[in-house]
Amino acid sequence: MSRKMSNQEIARLLKGMAAAYQIKSDQQFRVKAYEEAAVSVEHATSSVKDLWDDGKLETLSGVGKSIASYLDELFRTGKVKHFEKVMGEFPPAMFEYLKIPGVGAKTAYKLTKELKITSSKGAINRLKKAAKVGAISQIKGFAEESEKAILEGLGEIGKRGKEGQRMNLPFAGELAKEMINYMKQCPHVKRIDPLGSMRRRVATVGDLDFGVATKKSKEVIEHFCRYPKIKEVAAAGGNTARIVTRDNRQIDLKTMSPNAYGALLQHYTGSKQHNIHLREIAQKKGLSLSEYGIKMGKKSVKKYDTEEKFYQELGMDWIPPELREDTGEIEAAQEHQLPKLVKFKEIKGDFHIHSNYPIEPSHDLGTASIKEIVTKARKMGYQYVGIAEHNPSISQHSDKQIIAILKRKKDVVEQFKSSNKKLVRSTYLFNGLEIDIRPDGSLAIPEEGFDYLDFAVVSIHSSFRQPRPKATKRVLSGLNHPKARILGHPTGRMIYQREGMEFDWDQIFDFCQKNNKWLEISAWPTRLDLPDHLVREAVKSGVKMVVNSDAHQLEEMDLMEYGVSVARRGWAQKKDIINTLSYNQIKKLLC
DNA sequence: GCCGTTTTCGGCCCGACTGTTTTCAGTCG
């Protein structure tokens, strides 16, 4: 098929199969298998099509021989005969209704039958009309509340973007900080943590959830419900509450007494796959896990104030939330072999910051001066900082002009260094450039221009749709120059806007590893690129990476922490990240 | 349909919430 099918669409297809089987048969475990495969596809950090290209479909948990072969058929022919046969027994409208929050297989099927709607075309609108005239509440098993819920659910579909309304990690992270600061004003909040994908630092976060350790749940919930940015309190009970903010973000809060907080934190941090695996292990030991603690046989639930003790009870080390995806971390924790993940405070510099130096680029210029950048870097405790503006535009300048601009910039940097000796002694300034790798693999400045640079970040900013062999060759060619040390935002993905490029990663990893080239982990909110799963592959291949902010404004230098989160999710340790090296070490590598 | 240092057969996570119900079904995370 010509169009690349998104993970979201594939997940929907698998969910449809689960729903069909749910109605059709009592094979509840086959239903569960399809549902799990759907979730796995939905949460996959790489495109399933890419995995298929690489023959790695079965690395997705929950995708075995059968589903892999169906997906193979899907990618080869654009359809799956078996799926069409199974789902063909049901009105197509039913699969549309599955999109409605709160509507599952049974409800969706019942609606199509009772309302006699079959075609998927206009199914949503017809349902909306039925709800408005009160036809749904007339159906047995439904009443006013259900009808209202369906109407509200239908409204949700319209509001959501095509990929669902998830936020990128830095966006969600900043919202979470605001909430945490607000909640800490309440003296009864002993401890507060984000939960779920936010705590695991996934690149995209859905709703925000928080856990609070407190002995005074009522007061904490009340304080939560007085959050200044609130639009409405959607629900509030003894230990949980849900608010909706003015920008329509749903935020949940769950409280627990401090002596049982560890289990709550563990349970709601997930991931679901991680927890299921844990419970299976627990079950074999005769234990049962829940958000309240651990039940041993018929005895009462044992409580845990910390997660550490909870994991210890199961015979394993505490697992950093970033690793809790059931991709081997549980086994590693049992063997006491978990990696010592890189930390934000170990970062000693940032190599990708756009200053406002008038370099006349074709892409956007930064807004902060060189002095502001170095001063900020020093405040952040960095030992060094690299400025890397986009190269001067090639369409607007001759080679000669580009060389002149780069020479002048070097002069300005040298002048800055000599007139700010004290500052530069504590935080050294490297003079770099972010250079386009053009579609043919050449770099967008003339050879002589490199004489005026300490290093170059080379990146792709155009022609993202090249076939894999050509794209791979392009990157290797771009990295080939001795001054080209960093491959900027390697896949070029833009979260929710553009899929990453397809490369032969083994070739790229191999080249980087042998030639001392570094892959960037960009902390730029819509990039977070390399993505975490590729970070992990790179770590396995012994490739070094560098976490950069790609800041265009001064404050954006603070986004570095989110890049570190991506590195951590990719199991990266200090030794894998080049900008954890001291200035003296890095100087030797660059000069 | 998936999965495996108790298994290639025989298991498959746990609980809350909601709405509709007199004891539960469906959905969600």
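Hydrogens, waters and symmetry mates are skipped; everything else that's a heavy atom, side chains included, is used.
Contact check, A:Y292 against B:dC14: no side-chain N or O comes under 4.0 Å of OP1 or OP2. Close to B:dG1, at under 4.0 Å from its OP1 or OP2, lies a side-chain N or O of A:H82.
No contact: A:L278 has no heavy atom under 4.0 Å from any strand. When heavy atoms are screened at a 4.0 angstrom cut-off, A:H274 is found touching no nucleic acid atom at all. At a threshold of 4.0 angstrom between heavy atoms, the contacts of A:E280 are confined to the sugar-phosphate backbone, with no base atom among them. Across all strands, A:E291 comes closer than 4.0 Å only to sugar-phosphate atoms, never to a base (heavy-atom distances). Looking at heavy-atom distances under 4.0 Å, A:F29 makes contact with a base. A:Y70 comes within contact range of the sugar-phosphate backbone alone, with a heavy-atom separation under 4.0 Å but no base atom that close. Within 4.0 Å (heavy atoms only), A:Q283 reaches sugar-phosphate atoms of the nucleic acid but no base atom.
Because its NZ or CZ atom is not both nearer than 6.0 Å to the ring centre of A:Y34 and within 45° of the ring axis, A:K15 does not count as a cation-pi partner of that residue.
Between the NZ atom of A:K254 and the C1' atom of B:dC17 there is a distance of 11 Å, rounded to whole Å. Atom CG in A:L14 sits roughly 13 Å away from atom C1' in B:dC2 (whole-Å rounding). In this entry the distance linking CG of A:D252 with C1' of B:dG15 reads 16 Å, nearest Å. In this entry the distance linking CG of A:L264 with P of B:dG15 reads 14 Å, nearest Å. The NE2 atom of A:H277 sits 14 Å away from the P atom of B:dC14 (whole-angstrom rounding). Here the P atom of nucleotide B:dC12 and the CG atom of A:N275 are 18 Å apart, to the nearest Å. The CD-C1' distance, from A:E35 to B:dC14, rounds to 15 Å in whole Å.
Annotation for A:L208 and A:A176: closest pair CD1-N, 4.1 Å, computed over non-hydrogen atoms. In this structure, A:L289 and A:F310 approach most closely via the heavy-atom pair CD2-CZ, 4.1 Å.
Atom name C1', nucleotides B:dT23 and B:dG29: the rounded distance is 25 Å, in whole Å. A gap of 27 Å separates the C1' atoms of B:dT18 and B:dC12, to the nearest Å. Remark: the separation of the C1' atoms in B:dT8 and B:dA16 is 37 Å, to the nearest Å. To the nearest whole angstrom, the two P atoms, one in B:dG10 and one in B:dG15, are 27 Å apart. Between B:dG11 and B:dT6, the two C1' atoms lie 13 Å apart (nearest whole Å).
Evaluation of the salt bridge (charged side-chain N to carboxylate O under 4.0 Å, His left out) test over residues 328-341 of chain A, restricted to residues two or more places apart or in two chains, returns none.
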Checklist entry - Along nucleotides 18-29 of chain B, 5' to 3', which nucleotides get a B, which get an S, and which get a -, given that the test is a protein heavy-atom distance under 4.0 Å? => result -SS-----SSSB
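The nucleotide whose nearest atom lies closest to any side-chain atom of A:R30 is, among B:dC12, B:dG1, B:dG15, B:dG1. When distances run from any side-chain atom of A:T240 to the nucleotides B:dC17, B:dC12, B:dC2, the shortest one goes to B:dC17.
Checked against the 6.0 Å centroid threshold, A:H267 and A:Y292 do not count as a close aromatic pair.
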Give me the distances for all protein-to-nucleotides 3-10 of chain B N/O pairs that come in under 3.5 Å?
from  : atom 1 : to    : atom 2 : distance (Å)
B:dC3 : OP1    : A:G62 : N      : 3.0

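Interatomic distance, CD of A:E36 versus CZ of A:F29, reported as 10.5 Å (0.5 Å rounding).
In this structure, B:dG26 and B:dC17 make a Watson-Crick or G-U wobble pair, each of the two defining distances being under 3.5 angstrom.
Between A:S522 and A:R527, the side chains place no donor N or O within less than 3.5 Å of an acceptor N or O (distance only, hydrogens not considered).
Salt bridge annotation for A:R199-A:E322: absent, with no cationic side-chain nitrogen under 4.0 angstrom from a carboxylate oxygen.
The environment of A:Q185 atom CD is dense: over 12 non-hydrogen atoms of other residues, nucleotides or ligands sit within 6.0 angstrom. Taking a 6.0 Å sphere around NZ of A:K303, one finds it holds 12 or fewer heavy atoms contributed by other residues, nucleotides or ligands. By the 6.0 Å contact criterion, NZ on A:K177 is enclosed, its count of non-hydrogen atoms from other residues, nucleotides or ligands being greater than 12.
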